Amino acid sequence: MCINKCHFQDNKNKKRGLATSPQQFHPTISVLLRSKQMHMKFIRRILPGLIFFISWQVVAQPEQYNQACMLHIKLKDGQNQAVPSFVVRLTDKANNRTLDILSDKTGKLEIPVEAGHAYTVKDYGGNFLGDISIPQRPTAPLIKTIIVSKPASFAEKPYDTVVQQSGNTPVLGNTTEADITIKVLDLDLHPQKDLVVRLVCDKYLKVWVSITDGDGAAHFRVLIGGDYNLGIQESENLRTFKVPAVAGYALTAEVPYHPTNITERIKNDTVYQEFIPEKRATFSRAFLEVTVKDYERLPLPDEDVFLDVAGKPTVYAAKTDQQGKAYFLLPYGFDYSINLTYERDIFPLNYPLKEGVMLENEAFISYRGTAKIREFFKNARRDQHGFVTEFMPVEVKKIGFDPSNVQITKHGYLVNFPAKSETPTPAILENGDVIQGGGYYSREVYSFKSKTGLFNWGLELSDNGVSASVCDENFLVITTESCTLYAIDAGTGELAWSKWLGPSLNSTPTVADGKCMWYIPRSSINISLKRTALK
């Protein structure tokens, strides 16, 4: 099985000076795969109610109800076209304070200024663009058009970091800044001390940083008229605060937050999650518990479990403990797939980044066991042609089907399968029964009446990746991606026999002259054709 991956890099976070470290993973994948059983519990309640913080407590108080003095600048090039994403530096001549601001996509800037002050305007490269004087009592909007001769001559400006001290108090007469207090509480609503809190403003190209005090409060003084993205510890973009252009504006927000406590070791492209003290989700990572057992329902300890990250060359790895459990804390915003040593692409996982949502999943997998598979091939008999295969049987289980998943239509009926993944081509028997696999990520195969959609029987196989069905002499012959060939009584759903074949199977078997034939990939260009008696 080939898994294509592409390189990913967060350029915005890199520009802000935040850590980004995409890893690379190029595993050697054995074709000797083994069967699996899998189901997911998608959202588990981890508090008395689902962790949806529907309302964040925010208190905003403008101490002075007067609109701040705002300067509006329009940037144009020599062809009278707007100049977007251009950095302008404004310097107050009275106190030599500077302010960098980024123009929006229409080439406009909105800057808080002090009435009665004069300013020098330059670009990021230090080139003079003009002087602007602000009236003591403006009676009309302050609008200025500036022509930029060389708008693309300078590199992007990195974000400045402003470290704030705890216990800030409003400054009397301050008309360009606002006071923001972020109170960080744990999931039990207790204050959290000594956490790093950030407010990031793309407009002003700044990151304000503060540390929570004994009351869990981090204090900030920021520029008015901007949008501020909240980050706490390793988490980014938890919430956006809009600070209006109002003099004396103050805001207090209570933010629930649970930090990520984990021991990780990174080697090449693999992140080894070696210790997770708290078995629960955090604000930056979803929690996954994977349980691996053998076919006798006994835990399999010391099994390697891997989580491939879709679209990134990164893999998260952990080992099962004595109870057969492996634990993961996985960053939100990515899709993952579960893998074992001799199993690939067992089940997909999706952890979208949603404000105020924490997700916990459980995965259950039945597996023959890496040690047993290696021992089987180590001791397998060989002759001059290679392995003399001694097949191992695999059991199945009878299952039902929810009739509400069959919808009668004007011209027939629709069947909705629980796995909601790609399904193979159905088979039609002479008596009109329809045989259909439940989808690639399922282990089910079903029989329905072709004209009515009524359910006949269902089987849960030991493997997923169910192939299309082949029927002969009232036998249903089917393979699964993880190595097993089944012969099933098509009328009753009773298992006639099954054979674990060893390598991965990615095609449909065929039947001729009472014999079943299939192929096993040896390499990318060769196949091995095998056959066995159908009865």
Side-chain angles (χ1 to χ4, degrees), residues 8 10 13 18-25 38 40-47 50-53 184-188 192 195-196 198 230-238 255-292 301-340 346-365:
F8 170 83
D10 188 343
N13 280 349
L18 304 177
T20 56
S21 56
Q23 309 296 327
Q24 294 182 344
F25 182 53
M38 176 74 187
M40 303 296 299
K41 186 183 295 182
F42 274 97
I43 298 184
R44 177 156 56 107
R45 269 54 173 175
I46 58 178
L47 284 182
L50 183 62
I51 307 275
F52 251 105
F53 294 105
V184 184
L185 309 176
D186 64 16
L187 299 181
D188 298 317
Q192 298 198 66
L195 294 184
V196 178
R198 295 174 301 279
L230 173 65
I232 304 176
Q233 295 290 96
E234 77 285 349
S235 301
E236 300 297 333
N237 301 318
L238 292 176
V255 179
Y257 178 76
H258 187 71
T260 300
N261 186 10
I262 186 174
T263 300
E264 290 184 331
R265 175 173 57 89
I266 300 176
K267 184 177 180 181
N268 298 327
D269 49 18
T270 305
V271 181
Y272 295 91
Q273 299 201 328
E274 297 175 334
F275 182 61
I276 301 176
E278 294 183 285
K279 306 301 189 290
R280 63 192 304 183
T282 72
F283 264 65
S284 63
R285 299 200 181 193
F287 177 71
L288 172 66
E289 177 184 300
V290 179
T291 302
V292 184
D302 296 321
E303 287 288 351
D304 292 307
V305 183
F306 305 98
L307 273 295
D308 285 350
V309 185
K312 293 184 66 177
T314 304
V315 170
Y316 289 86
K319 278 186 177 293
T320 57
D321 59 18
Q322 291 302 309
Q323 288 73 45
K325 296 181 180 294
Y327 306 99
F328 293 90
L329 283 174
L330 302 169
Y332 291 108
F334 299 99
D335 295 336
Y336 301 85
S337 62
I338 301 178
N339 306 274
L340 299 176
I346 296 174
F347 201 86
L349 297 164
N350 175 254
Y351 292 125
L353 182 62
K354 294 183 178 179
E355 182 179 308
V357 177
M358 297 164 63
L359 296 177
E360 293 188 349
N361 291 160
E362 293 178 281
F364 304 91
I365 306 175

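Just so you know, residue 1 is the first one in the sequence shown, and it goes up from there. These numbers were taken from a predicted model, which means no experiment stands behind them.
- In terms of heavy atoms, Leu359 sits closest to Ala281 at O-CB, 3.3 Å.
- Using cut-offs of 30° and 60° on the angle between ring planes, the pair Tyr351 and Tyr336 is tilted.
- Screening Ile338, Val305, Thr291 against Ile365 for a side chain to side chain contact (heavy atoms under 4.5 Å, CB included) leaves a single residue, Ile338.
- Two residues are said to be in side-chain contact when any heavy atoms from C-beta on lie closer than 4.5 Å; Ile232 and Gln192 fail this criterion.
- In this structure, Arg265 satisfies the cation-pi test against Tyr272, with its NZ or CZ atom closer than 6.0 Å to the six-membered ring centre and inside 45 degrees of the ring normal.
- With respect to the salt-bridge test (charged N to carboxylate O, under 4.0 angstrom), the residues Lys279 and Glu289 do not qualify.
- Using a cut-off of 4.0 Å between Lys/Arg side-chain N and Asp/Glu carboxylate O, Glu236 and Arg198 are scored as salt-bridged.
- The distance from the CG atom of Asn237 to the OH atom of Tyr332 is 15.0 Å, given to the nearest 0.5 Å.
- Distance check, rounded to the nearest 0.5 Å: OG1 of Thr263 to CD of Glu274 gives 7.5 Å.
- For the residue pair Ser284 and Ser235, the shortest heavy atom distance occurs at CB-OG, 3.0 Å.
- Remark: the backbone N or O of Pro348 is not paired with any side-chain donor or acceptor of Ser337 at under 3.5 angstrom.
- Minimum interatomic distance between Glu303 and Thr320 (heavy atoms only, all atoms of both residues): N-OG1, 2.8 Å.
- Counting all heavy atoms, side chain and backbone alike, Asp302 lies closest to Lys319 at O-NZ, 3.8 Å.
- Not counting sequence neighbours, the partners of Gln233 by the side-chain contact (heavy atoms from CB on, under 4.5 Å) test are Leu195, Val196, Tyr257.
- Atom OG1 in Thr282 sits 10.0 Å away from atom CG in Leu330 (nearest 0.5 Å).
- Remark: Tyr327 OH to Asp321 CG distance equals 5.0 Å, nearest 0.5 Å.
- The minimum heavy-atom distance linking Phe328 with Tyr316 is given by the pair CE2-O, 3.7 Å.
- The OG1 atom of Thr314 sits 12.0 Å away from the CG atom of Leu307 when rounded to the nearest 0.5 Å.
- The heavy-atom pair separating Glu360 from Arg280 by the smallest distance is OE2-CA, 3.0 Å.
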